[in-house]
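All values below come from the heavy atoms of this structure, side chains included, with hydrogens, waters and symmetry mates left out. By convention in this document, chain letters (A, B, ...) are assigned in the order of the sequence lines, proteins followed by strands, and residues within each chain are numbered from 1.
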There are 2 protein chains.
Amino acid sequence: MMGSSFKERASKNLLSCDNTGGDAHFRRTENDFSNMYARDLLPAKNGEEPTMQFLLEVVEILTTYVRKTFDRSTKVLDFHHPHQLLEGMEGFNLELSDQPESLEQILVDCRDTLKYGVRTGHPRFFNQLSTGLDIVGLAGEWLTSTANTNMFTYEIAPVFVLMEQLTLKKMREMVGWPNGEGDGIFSPGGAISNMYSVMIARYKYFPEVKTKGMSAAPRLVLFTSEHSHYSIKKACAALGFGTENLILLSTDKRGRVIPADLEAKVIEAKQKGYVPMFVNATAGTTVYGAFDPINEIADICEKYNMWLHVDGAWGGGLLMSRKHRHKLNGVERANSVTWNPHKMMGVPLQCSAVLVRERGLLQGCNSMCAGYLFQPDKQYDTSYDTGDKAIQCGRHVDIFKFWLMWKAKGTVGFEHHIDKCLDLSGYLYDKIKNREGYELVSEGEPQHTNVCFWYIPPGLRGLPDGQERQERLHKVAPKIKAMMMESGTTMVGYQPQGDKVNFFRMVISNHAATRSDIDFLIEEIERLGLDL
Amino acid sequence: MMGSSFKERASKNLLSCDNTGGDAHFRRTENDFSNMYARDLLPAKNGEEPTMQFLLEVVEILTTYVRKTFDRSTKVLDFHHPHQLLEGMEGFNLELSDQPESLEQILVDCRDTLKYGVRTGHPRFFNQLSTGLDIVGLAGEWLTSTANTNMFTYEIAPVFVLMEQLTLKKMREMVGWPNGEGDGIFSPGGAISNMYSVMIARYKYFPEVKTKGMSAAPRLVLFTSEHSHYSIKKACAALGFGTENLILLSTDKRGRVIPADLEAKVIEAKQKGYVPMFVNATAGTTVYGAFDPINEIADICEKYNMWLHVDGAWGGGLLMSRKHRHKLNGVERANSVTWNPHKMMGVPLQCSAVLVRERGLLQGCNSMCAGYLFQPDKQYDTSYDTGDKAIQCGRHVDIFKFWLMWKAKGTVGFEHHIDKCLDLSGYLYDKIKNREGYELVSEGEPQHTNVCFWYIPPGLRGLPDGQERQERLHKVAPKIKAMMMESGTTMVGYQPQGDKVNFFRMVISNHAATRSDIDFLIEEIERLGLDL
C-alpha cells in the first residue's frame, strides 16, 4: 500500500476491491481529458461528472506530491535557470494564449508546475523561516479555497470572522494581556503587521495625522535594532516618516539591542527637538534569531512615553512553549505585537497577526465607514464586521488553517513542535561548535533555531586572518549554495551581515526535520565545499 | 451517477466495480478517525496511509460542497447570529483547547465550517463584486496551498515568479502599453494595489520623501471621484497625506467624474499653493459601476503634470472583451492601473494586480536591499527576485490560479464570461425599468453589471414623495435583505449613497448565474417585500 496512488487507496478502502493491477491503461481511457475543456465543468449542463473527475485527477497529482515531499529519496528541487523555463521545457509552456487548452494540458501544467518548483515541505529544506507542510493546515487551506470568501463582513464569513476573533483572543492571552483583552487582525504577512503597528502608534499620539497628514505632527523618530527586519524601514518609507527618521540601535555580540544605546539615542533625538514615538523590539531576529531585552526596553518606553512594538514574527511562536517563552519576558508590556504562525508554528503561508493592547485604535486609525459594506442597519451585531479595521478592503481568509491546526494539535502540539525544533538547533550547534572547518558567527547557545556559521574549506584553513582569507571566504557560501541547488539535495540560506562576510544561516521550523537531516546538511556542505 | 459521492466516483472510474451499495457502513469502519490524531499524519512514521485517508475524507467533504454550491435546491446560507455560533451549535465548538482533538472531530469541524458559512459560488449569490466558484481556479488554489511557497525570490518560487511576470506583461498589453512594457506586482487586494499607486506617484515626483518623510514635500493634494472606492482615502490616511488633502470630484447623474470639476479643483488647489499630484479615475465604481472618462481626465493630468491612476479593480476585466473594452478608452494613458481578476473575471480570492507604466519605480520606491534574501551573488539572474519591489516581505502566491484559468479558458473564455455577465445585467435592467414597484437609481443602460434600484412595496406606492416616504423606503432594503438571509434563498447588497436612501445594488460576476436566477431574485424581493 505504501507506494500506491491516492486513487487506488480511495477505491481500496471504499470498495475493498483488489483489482488495481491494470488500472493505468483503464484510467487513461476512462478519463479522457484531451477533448474536455474548462467550459465542460460546472456550472455547465452535465458538468458534475467531468468536474468530479477533473478534481479527482488534480487531487491525485497533489497527494503524489505530498507523499514525495516527505520522501528523503526525492530531491528538494530540480533547478533550472529562468531562461530555461521561459524557453519552455518539453510540454511545459508558460505563455498564455487566446484559445483554451484542453483539461489534459491543464493537468500536465499542474504536474510540471510542481516538478519545476521547490519542495518547501521537504525535511531537508531549511532555506526560509517558513518551511514544512502540515497536513491539517493543508486541508484547512483546501477548504478555505473552496469556501472562497472574504473576511470583511460577518455577513459573508460568519464562521471565519468568529474563529479569527477567538484565536486572536487566545494569542493575546499568551502574550499576557489580562483576560486576552485588546484587539488585532490577521494581515498578509509580517511586514504589513509591522506597518500596522507604526500606523496605530501614530494614530494614538497624533490622531490628526489621519486627516491632516504628517505636517500636523512634529518630526517623529522611531527606533529599531540594526538587526531588525527591513519591514520597519519599509513602513517608515511608506507611511511618510522617512527612513532617515528610523534610528538604528546597536546590538551586543549576540545581536540583542543594547538598552543603554536606545536611551542615549532617545535623549539625543529629544535634544534635537525631535519626538521619539516608537520603538520596535525584535523577538527573534531574522539572521541571528536574537531576542531583544523587552523588559529593559519597556522601561525606557514608559519613561519617555513611546509606543513599544514587539516584532515576534519569527519568535512569537515561542510563547507556546513553557520552556522557551521566557525569552519574550516583558512582551505583555508591549503596545502591539506581530506574530506569524506561518513561520515557527508551521502554519501554511500566509498567516500573520498583529495584536494591539488598546481596543479601538485599529478601528479609529483605519475606519472610513464605507456605506456599501458596513451598513449600520443590518440584522446582526455589526461589531463583528472587521473590514473597517483593516487597511485592506477584501481580506483573504488566513485564519481557518491555523484554527484547524490548533484544534488538531492543541496548544501542547505547538509546544512540542517548537521544543523539538529548538532541540534540533541545539544539536546542530553542539555538532559544529568544535568541528574542524566551522566557525560560529555569534557566541553561545542558539537563542532561537538560528545557527549562523562559516564553513572553512580545507584550502582556506591554513590562511592567516586577513583580507585575502575574507575575500575567499565570502565566496564559499554562495558557491556551496549554488552547487546544492544544482544537485537539489538540500537548501540553506546565507548572507553577509555588517562587516561579516557571507555565512550560512541555518533555521529550523520544519516538523519533518530530524537529526539525520542535520547530519545530512553538514555532510553535504563538506562534500560540496571540499575543493573550494 | 449524478448523486454519488466523490469517493464512489473515484473507485468506479478506477476499478469499474459496482459494489457501492453498502459502502456507508464500510467507510465508517475502515476509516476510523476517532482514535487518530494530527500526530499520526506525515511526517509520522507510517503516517502515509493515515495522511492519504484523511485527505481523501477532506476532499470528499469539499467536493460534496462544490456539488451543492451549484445546486439551486440548496440554500445560499444557513444564517445564525454571532451569539448562536459562539454559544456552540450541536457538536461545533469554536473554542481552542490545550489538548488535541481527534481527526474525526476535525472532519466534523470542516463539515460544520462549510455548513454555517455562505456559498459564495451559488448561482443566486449576488452580494459582492467577487462571486462564483471557478473549478479550474479552485484546482489552482489547491495546488498553490500544496506548493506552499513564497513569491519573494525566484530561488523558492521559480515557476510562479515567471508566471507572474508573463501574466503581468499580458495584462499590460491589454491595457495598451507598447509591447506590454512596464512593471507591476500582484498584491493582497485592490486596496493595497491602489495604495501602491499613490506611493509610486509620490516617489516619482518627490523621491526624497522615502528617506526624509513627508516634510520634504510641499502640501500635496490628490483627486478622486466622490463615488470612488474608499481605499484611496485609506491610502491618503496611511501614507501621511491626510484625508483632507484628498479632494472629491463631483459626478454626473450616472456617477462619472465631471472633468471640468477636476480642472476647476486643480486650479483652486494651485491657487492655494498646494501641489496637485495624483488623480484616480475609476473604471467601474463600486456602487453604480460607472466608468470615469479617462481620456478627458488624462488630458488634464498631462496639462498639470499629475499622475493618472485608473482604479479598474472592478472594471478592469472589461479589457478582455472586444465589445466592452471601449468603456476604458484612454486607459493606456494611465501611469498605473489596478485590476482585480478576483472580481469580474471570477478568479478565486485573492488576485489583484497593480500595473505601472514606467519600469523601476516600484523597485526604487520600495527597495531596502535586505541582504538575507536578495543576495547579489546568487547563481541565477537575480532580476527575477521580486521581493524588493513589494511593501510586503513574504508574499502569497496569487498568480497560479489565474494563470491556470487563463490557460484553460483562453482570453476568449474570459471575454465570453464578461459578455455574458453584462448581458445578464442588461436583462435585469430591461426587466425592471418599467416594472411596477421599481425605481432605478441611475439613468440609462447599465455601464457595468451594476444595476441599482429601489423596490417600492405596494404599501408605499401611493405615498407622495416626501420625508415620510423616504424614511420608510430607507428601511425597505435592509428588511428585505434580513429576510433573504434568514430564508437563505439569495443575497444581494444594499446601501445608501449621498442623499439617496437605501437601495439595492445588484452586481453579476458569477459564471453560474442565468436569467432564471435574475427572475428568482426579483420574485424573491417581491415575495419578501409584499407586506412592508
Side-chain angles (χ1 to χ4, degrees), chain A residues 9-11 13-15 17 30 38 41-43 52 58 62 70 96 98-101 106 116 118 120 135 139 141 145-146 148-149 156 159 188-189 191 210-214 230 237 240-244 348 350 368 370-372 377 379 392-394 396 406-408 410-411 478 482 495 512, chain B residues 9-11 13-15 17 30 38 41-43 52 58 62 70 96 98-101 106 116 118 120 135-136 139 141 145-146 148-149 156 188-189 191 210-214 230 237 240-244 348 350 368 370-372 377 379 392-394 396 406-408 410-411 478 482 495 512:
Chain A
R9 264 148 222 277
S11 39
N13 281 283
L14 274 175
L15 303 177
C17 286
E30 260 301 271
L41 302 174
L42 284 171
M52 294 301 126
V58 170
L62 300 182
F70 291 96
L96 298 166
D98 290 348
Q99 297 304 316
E101 308 260 15
I106 294 304
Y116 297 114
V118 176
T120 60
I135 300 298
E141 273 296 76
S145 326
T146 312
N148 192 33
T149 194
I156 65 161
V159 182
K210 180 179 177 181
T211 49
K212 298 196 180 301
M214 285 297 272
Y230 69 104
F241 292 89
T243 54
E244 286 178 5
Q350 60 192 30
M368 296 293 158
Y372 78 98
D377 44 13
Q379 87 272 35
Q392 301 181 263
C393 172
H396 189 257
W406 202 326
K407 277 268 180 187
T411 312
Q495 67 286 298
Chain B
R9 264 145 220 278
S11 38
N13 282 283
L14 273 175
L15 302 177
C17 286
E30 262 300 274
L41 302 173
L42 284 172
M52 293 302 125
V58 169
L62 300 182
F70 291 96
L96 299 165
D98 290 347
Q99 297 303 317
E101 308 260 17
I106 294 304
Y116 298 114
V118 176
T120 60
I135 300 298
V136 173
E141 271 296 76
S145 326
T146 311
N148 192 33
T149 194
I156 64 161
K210 180 179 178 182
T211 49
K212 299 196 181 299
M214 285 297 273
Y230 69 104
F241 292 89
T243 53
E244 286 179 4
Q350 59 191 37
M368 297 293 158
Y372 78 98
D377 45 13
Q379 87 272 33
Q392 301 180 262
C393 172
H396 190 259
W406 202 326
K407 276 269 180 187
T411 312
Q495 67 285 298

Heavy-atom closest contact ([X] atom, [Y] atom, distance):
X: Val136(B); Y: Ile106(A); answer: CG1-CG2, 4.5 Å
X: Pro478(A); Y: Asp377(B); answer: CG-OD2, 3.4 Å
X: Ser145(B); Y: Ser145(A); answer: OG-OG, 4.2 Å
X: Gly371(B); Y: Gln495(A); answer: O-CB, 3.4 Å
X: Cys393(B); Y: Ala191(A); answer: N-CB, 3.5 Å

Q.
Under a 4.5 Å cutoff for heavy-atom pairs, which residue among Ala237(B), Gly394(B), Gly410(B) has the most contacts with chain A?
A.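 Going by pairs under 4.5 Å, I would pick Gly410(B).
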
Q: Give the member of Pro188(B), Ala408(B), Pro348(B), Ala139(B) that has the highest number of heavy-atom pairs under 4.5 Å with chain A.
A: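 Greatest number of close heavy-atom pairs with chain A: Ala408(B).
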
Who among [options] has the most heavy-atom pairs with chain B under 4.5 Å?
options: Met368(A), Lys210(A), Glu141(A); result: Met368(A)
options: Ala38(A), Gly213(A), Pro43(A); result: Pro43(A)
options: Ile135(A), Asp98(A), Thr149(A), Leu42(A); result: Asp98(A)
options: Thr243(A), Leu96(A), Val159(A); result: Leu96(A)

Q.
Using modelled atom types and a 3.5 Å cut-off, is there a donor and acceptor pairing between side-chain atoms of Gln392(A) and backbone atoms of Gly189(B)?
A.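 Such a contact is absent between Gln392(A) side chain and Gly189(B) backbone.
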
Q: Could you tell me which portion of Leu41(B) (side chain, backbone, both or neither) has an atom closer than 4.5 angstrom to a non-hydrogen atom of chain A?
A: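 Only the side chain of Leu41(B) comes within 4.5 Å of chain A.
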
Q: Could you tell me the separation between the NZ atom of Lys407(A) and the CD atom of Glu101(B), rounded to the nearest 0.5 Å?
A: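 Reported to 0.5 Å precision, the distance equals 4.5 Å.
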
Q. Checking Tyr230(A) against chain B: side chain, backbone, both or neither under 4.5 Å from a heavy atom?
A.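 The answer is both parts of Tyr230(A).
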
(Q) The criterion is ring-ring contact (aromatic ring centres under 6.0 Å, His included); which residues satisfy it with Tyr116(A), sequence neighbours excluded? (A)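 Listed in chain order: His80(A), Phe92(A).
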
